[in-house]
**Q** 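Handing you a structure now.
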Amino acid sequence: MRKHDHASRLLALLLTLTVFLTGCTNLMLIPAAPDVISVSTTEAPRPTEAVTTAAPPESTAAPTDPTVTAEAPTEAPEITEPPFDPDDEALIRWQNAGMRDYLPDEQVQLVPFSQMTYVRPDVESLYADFESLTQRAADSTEAEALLEEYYALSDRYVSFYSMDSLANVLYSLDTTQSYYQDEYNYCEAEKSNLEEKLEALYKAFAASPCRNQLEELYFGDGFFLKYDDYEVYTNPEYLRLSQEEAALLTEYRALTSDIQVSYRGQTKSLDEWLETENYSEYVGALQAYYEQYNASIGDVYVRLVKVRQQLAAVLEYDSFAEYSYDMTYKRDYTPAQGDAFLKGIRTYLVPVMQNANYSYALSMLDYGSASEASLYEMLQSAAQNIGGTVWDAYRFMRSYELCDISQSPKKLEASFQTYLFDYESPFVFLNAKGSGKDYYSFSHEFGHFTDSYYNYGAKEDLETAETFSQSMEFLAITYTDYLSEKQKETLLKLELRDLLDTFVYQAVYADFESRVYALEPDDITVDTINEIFRQCCVDYGISIPGFEFYYSQSWIDILHFFEVPYYIISYCVSAETALQVYRLEDETPGAGVAAYFRLLDRDYEAGVQQVMQDAKLESPFRENVLEGTALFFEQKLGLKKNGD
């Protein structure tokens with residue numbers, strides 16, 4: 001068990017990013033259809049500490065030499081489920097192990113997902129009770145009484161974020177029903193107001209006569225020091241700008257929720273147009289889409305960038321990059337280090353990717369198909385072979401219906417993992433495509449699920465979160481008995497090829513954001529942004545002559561730019577940290593799994609560099625790191641160096 005650090009716990013709740021994106025999308029290469037943008041949400045602010053019932057096992061929990069016992073069947077088997085055993089320790093959750101650490105040491109009354117119920121949070125009553133306690137805190141000397149009321153408010157605060165997450169899942173399961181989308185938008189719009197009330201309460205506690213008693217009884221020594229001169233959500237200008245940002249995001253979501261394109265005298269959805277097998281029609285419809293939407297979607301982005309620059313200025317940051325790295329993501333590396341990492345990608349990995357693009361052997365590899373049943377069979381076999389916490393997490397997921405990986409035109413085109421705090425349960429959402437790529441997507445989200453299951457949805461930086469998900473993609477394929485050795489070899493090689501693309505394409509997006517937010521407000525126009533994106537595509541070697549319309553305007557398709565600015569650099573950094581786990585496993589069977597378990601037992605306040613060090617791994621910013629990464633890709637993908 002870890003001791004709680006209340007001095008940072010609730011501040012982290014206040015400042016933690018409320019939307020995590022775990023999937024990533026690469027620019028499509030004409031004439032292929034665009035990849036799905038995968039969205040992962042951990043909608044609630046996350047606690048900085050959690051009590052765990054047991055430390056994750058080391059390498060002894062995993063087999064050191066997994067073997068294939070059977071070829072994958074030609075027909076998909078029926079979906080099998082692990083047996084439900086109410087006495088199974090993996091199926092027990094403790095109500096005080098996560099955000100509600102003030103509760104008694106009792107078990108959570110778990111229910112399957114189908115029995116979870118959404119109820120719109122009564123924010124007006126919640127706000128009134130926050131204000132009432134804030135007023136009494138100013139001159140109260142009854143610390144224990146204040147804490148009892150605070151615990152009750154905290155419980156409702158956590159439930160607010162749990163309902164926010166649940167509304168998002170329910171909407172994602174059926175986008176034809178607007179009710180849950182409206183509810184999700186409602187919750188999102190209220191977040192800044194709720195955080196304002198929480199901050200005001202902490203400031204009142206800081207000024208209270210029983211401040212020291214409050215710290216001694218619950219919050220921890222020195223917790224209120226930061227609130228002596230701290231003002232974020234109680235800053236009226238910051239609050240106004242936050243609400244303006246939320247309104248712009250609602251405008252963006254409405255604008256992109258139903259893309260209808262007029263072309264050749266017909267109006268159809270963009271998805272319908274892009275289903276055509278006629279190349280000229282495909283390109284023509286795509287061009288028509290950008291002609292009709294680039295200006296309007298781009299205008300929303302222009303306004304978002306300007307508002308965000310103002311948000312940073314209000315809190316006296318020199319740039320929005322510094323604001324995002326520090327305030328939003330709490331990174332333990334700087335924008336300058338991030339820019340240097342991107343430069344390394346341009347220098348060392350872009351040539352490798354260009355070489356891979358001309359590899360006939362790689363072009364002939366095929367992902368194959370994958371049914372819903374085969375996804376479960378693959379991951380169940382892998383989780384059981386890996387063992388320990390990973391197998392516990394899988395049994396918990398299946399026993400309580402905590403995933404939906406079915407294919408449906410009604411589902412959101414996305415994949416994500418979120419945490420439902422009212423039920424102390426993670427949830428995986430995937431709109432599968434029937435391709436072997438789904439093995440990666442399901443494994444990716446299950447990597448997040450395992451971390452959330454073990455750590456009770458506890459706070460972490462994005463790079464650490466993505467390390468769990470991306471490394472699980474490799475480990476699941478390596479350890480499953482469901483696939484043949486040939487299939488595993490093919491999928492692992494394709495996974496490495498995809499990871500190489502992830503480095504480069506996400507670097508394009510990250511560099512694009514840096515260049516846009518560096519502009520002066522008067523210079524931020526849609527035309528300027530289009531040109532910046534075109535130049536980034538050229539600089540990273542991904543543009544194709546003759547399709548300038550695409551490589552200048554397709555940035556409007558990247559949800560991350562709108563919803564979570566400066567997130568994307570995390571994909572690049574975590575690709576390197578995840579690759580460390582795979583390289584260990586590749587060199588010594590079982591070593592990668594042991595590293596994964598060490599990562600699970602993480603310090604919730606640490607950034608990725610400290611987390612990696614604690615797990616006996618290396619910093620992603622070590623000297624010559626990307627030069628070595630380039631050599632590894634060349635070796636594993638069978639590529640020759642340019643000029644060889």
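Start at 1 with the first residue, then count along the sequence.
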**Q** Does the ring centre of Y325 sit less than 6.0 Å away from the ring centre of Y333?
**A**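 Judged by ring-centre distance (under 6.0 Å), Y333 and Y325 do meet the cut-off.
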
**Q** For this output row, return yes or no: ring centroids of F442 and Y376 closer than 6.0 angstrom.
**A**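 They qualify: ring centres under 6.0 Å apart.
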
**Q** Indicate yes or no for a side-chain donor-acceptor contact from S415 to the backbone of F429 under 3.5 Å, with no hydrogens or angles considered.
**A**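 Answer holds: no.
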
**Q** What residues, two or more places apart in sequence or in another chain, satisfy salt bridge (Lys or Arg N to Asp or Glu O under 4.0 Å) together with E131?
**A** K197

**Q** Check whether N455 reaches the backbone of L600 with its side chain - one donor and one acceptor, N or O, closer than 3.5 Å.
**A** yes

**Q** Restricting to side-chain hydrogen bond (donor to acceptor under 3.5 Å, both in side chains), what partner residues turn up for R308, sequence neighbours left out?
**A**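 If we apply the side-chain hydrogen bond (donor to acceptor under 3.5 Å, both in side chains) test to R308, skipping adjacent residues, the hits are E245, Y517.
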
**Q** With sequence neighbours left out, which residue pairs that include part of residues 168-183 fulfil the salt bridge (charged side-chain N to carboxylate O under 4.0 Å, His left out) condition?
**A** R120-E183

**Q** S452 side chain to F449 main-chain N or O, any donor-acceptor pair under 3.5 Å?
**A** no

**Q** Output yes when E199 and K203 qualify as a salt bridge under the 4.0 Å nitrogen-oxygen rule, no when they do not.
**A**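 No.
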
**Q** Who pairs with F396 by ring pair (Phe, Tyr, Trp, His ring centres under 6.0 Å), at least two apart in sequence or on another chain?
**A**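 Ring pair (Phe, Tyr, Trp, His ring centres under 6.0 Å) list for F396, sorted by chain: Y400, Y453.
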
**Q** Side chain to side chain contact (heavy atoms under 4.5 Å, CB included) with Q95: which residues, sequence neighbours excluded?
**A** L103, P104, E106, V108

**Q** Can Y218 and Y151 be said to form a ring pair (Phe, Tyr, Trp, His ring centres under 6.0 Å), step by step?
**A** CA-CA 10 Å; Y218 181 73; Y151 295 156; 5.3 Å; yes

**Q** I need the minimum non-hydrogen distance between A321 and Y566, along with the two atoms involved.
**A**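 Minimum heavy-atom contact is CB-OH, 3.5 Å.
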
**Q** Run the side-chain hydrogen bond (donor to acceptor under 3.5 Å, both in side chains) test against D139 and tell me which residues pass, sequence neighbours left out.
**A**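 With sequence neighbours excluded, D139 shows a side-chain hydrogen bond (donor to acceptor under 3.5 Å, both in side chains) to no residue whatsoever.
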
**Q** Using the test ring pair (Phe, Tyr, Trp, His ring centres under 6.0 Å), find all partners of Y127 that sit at least two apart in sequence or belong to another chain.
**A** none

**Q** I'd like to check the side-chain hydrogen bond (donor to acceptor under 3.5 Å, both in side chains) partners of R211; sequence neighbours left out, ordered by chain and number.
**A**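 side-chain hydrogen bond (donor to acceptor under 3.5 Å, both in side chains) list for R211, sorted by chain: D228.
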
**Q** Could you check whether the rings of Y567 and Y329 sit parallel, tilted or perpendicular, using 30° and 60° as the cut-offs?
**A** perpendicular

**Q** Nearest heavy-atom pair of T418 and S165: which atoms, and what distance?
**A** OG1-OG, 3.4 Å

**Q** For residues F224 and F219, establish whether the separation of their ring centroids is below 6.0 Å.
**A** yes

**Q** Using the benzene-type ring in the case of Trp, are the ring centres of Y161 and Y157 under 6.0 Å apart?
**A** yes

**Q** Between S132 (side chain) and D129 (backbone), is there a donor-acceptor pair under 3.5 Å?
**A**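 Between the backbone of D129 and the side chain of S132 there is no qualifying donor-acceptor contact (under 3.5 Å).
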
**Q** Only counting residues at least two apart or in another chain, list the ones meeting ring pair (Phe, Tyr, Trp, His ring centres under 6.0 Å) with F562.
**A**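 F562: ring pair (Phe, Tyr, Trp, His ring centres under 6.0 Å) contacts with Y252, Y301.
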
**Q** Between N385 (side chain) and Y479 (backbone), is there a donor-acceptor pair under 3.5 Å?
**A** yes

**Q** Which atoms form the tightest heavy-atom contact between R395 and W391, and what is the distance?
**A**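 Heavy-atom minimum between the residues: NH1-CD1, 2.7 Å.
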
**Q** Can you list everything that forms a side-chain hydrogen bond (donor to acceptor under 3.5 Å, both in side chains) with D155? Sequence neighbours excluded, please.
**A**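 By the side-chain hydrogen bond (donor to acceptor under 3.5 Å, both in side chains) rule, D155 matches R100.
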
**Q** Run the ring pair (Phe, Tyr, Trp, His ring centres under 6.0 Å) test against F113 and tell me which residues pass, sequence neighbours left out.
**A** F427

**Q** Salt bridge between E605 and K330, side-chain N to carboxylate O under 4.0 Å?
**A**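 Not counted as a salt bridge, because no side-chain N and carboxylate O are separated by less than 4.0 Å.
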
**Q** Taking side chain to side chain contact (heavy atoms under 4.5 Å, CB included) as the test, write out the residues that go with T464, two or more places apart.
**A**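 Testing T464 for side chain to side chain contact (heavy atoms under 4.5 Å, CB included), a comparison that skips the adjacent residues, returns E460, D461, F468, R602, V608, V611.
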
